[in-house]
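Just below is one structure, and these are the notes that go with it.
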Amino acid sequence: MTQPIAPAPSTPLSGPQKGLHKLGLLRPIDLALHLPLRYEDETRIVKLRDVRDGELAQIEGVVTSCEVRVRGQRQLLVTIDDGSETCLLRFFSFYPSQQKALAVGQRIRARGEIKGGFGGLQMMHPSFKAASGPLPSALTPVYPTVAALPQAYLRRAVLGGLERADLAETIAADSLPAGQAALSWNLRQALTFLHLPTPDMALATLQDPNHPAWQRLKFEELLAQQLSQLQAKRERARLRSPQLPVRRHAPDTALPLHEQLLAALPFRLTAAQRRVSEEIMRDLARSVPMHRLLQGDVGSGKTVVAALAAAICMDAGHQCALMAPTEILAEQHFRKLIAWLEPLGVKTAWLTGGQKAKERRETLALIASGEAMLVVGTHAVIQDKVVFKNLALAIIDEQHRFGVAQRLALRGKLTDVEMEPHLLMMTATPIPRTLAMSYYADLDVSTIDELPPGRTPIVTKVVGEARRDEVIARISAQLAQGRQVYWVCPLIEESEALDLRNATETHAQLSEALQGAGAAALQIGLLHSRMPVAEKKAVMALFTSGAMGVLVSTTVIEVGVDVPNATLMVIEHAERFGLSQLHQLRGRVGRGASASACVLLYSTGEAPRLGETARERLKAMVETSDGFEIARRDLEIRGPGEFLGARQSGAALLRFADLVADGVLLEQARRLAPPMLDQHPELAAQHIARWLGGKAQYLKA
Ligand code: ADP
Ligand code: MG
């Protein structure tokens, strides 16, 4: 009989140690870089006689009464007398130990906001301690922490870390940008300044973002990010990929696939589509893996560019994979690519998570034998079991919707093969320049900056919930003209707290309202994220075929769906959507030649009016339909942390620098990174390790 192996004995972590782990404070340098959130002034005692109403003050006195009042809300009432005046301290929650520390006769120091008034001076829930020993001579740092980790413990740990951390220079003095007085401070000086303020140090100085201490920290952080991305780029440049030169038509041979595709398209490529295609072709012809982001507004025609790249890859005799974040999206691509490429003799395989075992086995065999030249699917494409014969190009649509972990898995998968495939990522949410320079510094970017001709601009209107009936009337008018309509709802389930009308209810309401309007022959469909995939597909097929007039849906249609006959988009509770999301949704209409409209239906609920940022978002939607301008405003409204949070699965990686405010430092870090990596490679490595530790891989994802 085999005994289960006993787990290795391990000392359980104490509460505070768990707290340190939770905050990622593992190495001395992590602790040293854990900076105060704010500072408290405990250096002075104010006499009660001199305090002002609302002042944040520290007082010192003797407790003259201490009692628990049980009538009404239970509370601890403590009076202290500092010889000039008395003050009442009020606690609504308290431990017996605190009550003991506040016993009559104790001399204490209390810090809090003073409230003056009828009943005399008061403090609610002040922090307090026994008045023993001299006053601290400098401001007291307060660190960001978690519940299990008391300030005092954390402070000792941080200061200990500061002493132990290796703070030897990682940036060679001769490589620092010249004439930057702010960077004259080194890291040790900067950290000591912020952790251990001197007695004369004013709060404003400690918090001044232009102070040399902060400039140094921000610069170092930005530099670490630049170095790590540059390193990733150089590592990639050492890898090898199959060369995929564009095959030109030779006499007596069949027309190459990409030429056949161009000839078969019902339209001519725009100049922008031609330009980005050439950029991609140049990359594909090289033996270094392509790592390119193709950005273009919704409807700018990225799919055909992807199809061309795929055709060039297949012309060279290699397989190509195309991935989308959802099955619906993947299916859209599949349809379009089939329609374009199958008539030209390309064998395509379809791979998702929900396939039957037998079907899946057959598909995997087709991919392994190389018979299927084009593989389309969800992230199922990168699962372990999938073996390609000769994959040379992977195309990922809406790459930011894949989680960081999935992108890392993809990297891992792709490097399995001897040769690295070329990578083309596509996004409809353009990246503002500062972000492209930092977070995406190791990507090459191609931009489609023009829409196909003949599009009529979408008219966007903001309409209050009270005018819902008018909106419904507008829908019947569109239906009467043979047009189709999207109606998007934010949530599937009614949440009492948010009072969101759910898609099901809206669907029922529209079905009833439109019945009388002579639209009975047309179906009104419902699509939401909880539906089984097969049902979703059936609904999408009906809408795509035109048999369904109105599609009520949650945001599953957010990206990629292409039905040119749809001319009206209604977004319910538009105030709850993010700006980029609204823009994506709006991009579902205006895809054909006829005029399209987008109605942003908002509801203020109980509130008298819309919140500030919600109003800004809706205003931006009305004022512009340019995706780049939208992205710029979105960044402005939300700030880079949140903007990135949404796209980077929560991995906001800059702690100190602000990409918008610290543009100058970012430029300097960008210029310094290449020579530093060349001339001081060991310093560069040390610098990356110090700042990024285990996070470096996420920057490369
Ligand atoms: P997106 O960039 O949002 O993925 P699509 O590739 O879905 O855009 O293209 C949007 C629509 O425009 C599709 O119906 C596509 O066939 C059409 N289209 C693409 N390029 C052109 C072009 N050069 N001229 C006319 N229509 C085009
Ligand atoms: Mg698309």
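As the structure lists them, so they are numbered: ligands from 1, and atoms in each ligand from 1.
Here Glu572 pairs with Arg468 in a salt bridge; the nearest charged N to carboxylate O distance falls below 4.0 Å. We find that Asp626 and Arg633 are not joined by a salt bridge, their nearest charged nitrogen and carboxylate oxygen being 4.0 Å or further apart.
Listed by number with element, the atoms of ligand 1 under 4.0 Å from a non-hydrogen atom of Gly299 are 1 (P), 2 (O), 3 (O), 8 (O), 10 (C). Listed by number with element, the atoms of ligand 1 under 4.0 Å from a non-hydrogen atom of Thr303 are 4 (O), 5 (P), 6 (O), 7 (O). Taking a cut-off of under 4.0 Å to the non-hydrogen atoms of Arg591, the atoms of ligand 1 that pass are 3 (O), 7 (O), 10 (C). Near Asp297, meaning under 4.0 Å from any of its heavy atoms, are these atoms of ligand 1: 2 (O). Which parts of ligand 1 touch Leu269 is read off a 4.0 Å heavy-atom cut-off, strictly below it: atoms 23 (N). Residue contact check: Thr270 has heavy atoms under 4.0 Å from atoms 23 (N) of ligand 1. The ligand atoms of ligand 1 that sit less than 4.0 angstrom from a heavy atom of Ser300 are 2 (O), 8 (O).
Two residues are said to be in side-chain contact when any heavy atoms from C-beta on lie closer than 4.5 Å; Leu351 and Arg360 meet this criterion. Looking at heavy atoms from C-beta onward, Thr624 lies in side-chain contact with Ile630 at the 4.5 angstrom threshold.
Between the side chains of Arg586 and Ser625, no donor-acceptor pair of N or O atoms lies under 3.5 Å. Side-chain contact of Ser446 with Glu279: a donor-acceptor pair under 3.5 Å is present, judged by distance alone.
No more than 12 heavy-atom neighbours from other residues, nucleotides or ligands sit within 6.0 angstrom of CZ on Arg474.
Not a single heavy atom of Gly296 lies less than 4.0 angstrom from ligand 1. Residue contact check for ligand 1: Met426 places no non-hydrogen atom closer than 4.0 Å to it.
The residue among Arg268, Gln273, Arg588 with a heavy atom at the shortest distance from atom 20 (N) of ligand 1 is Gln273.
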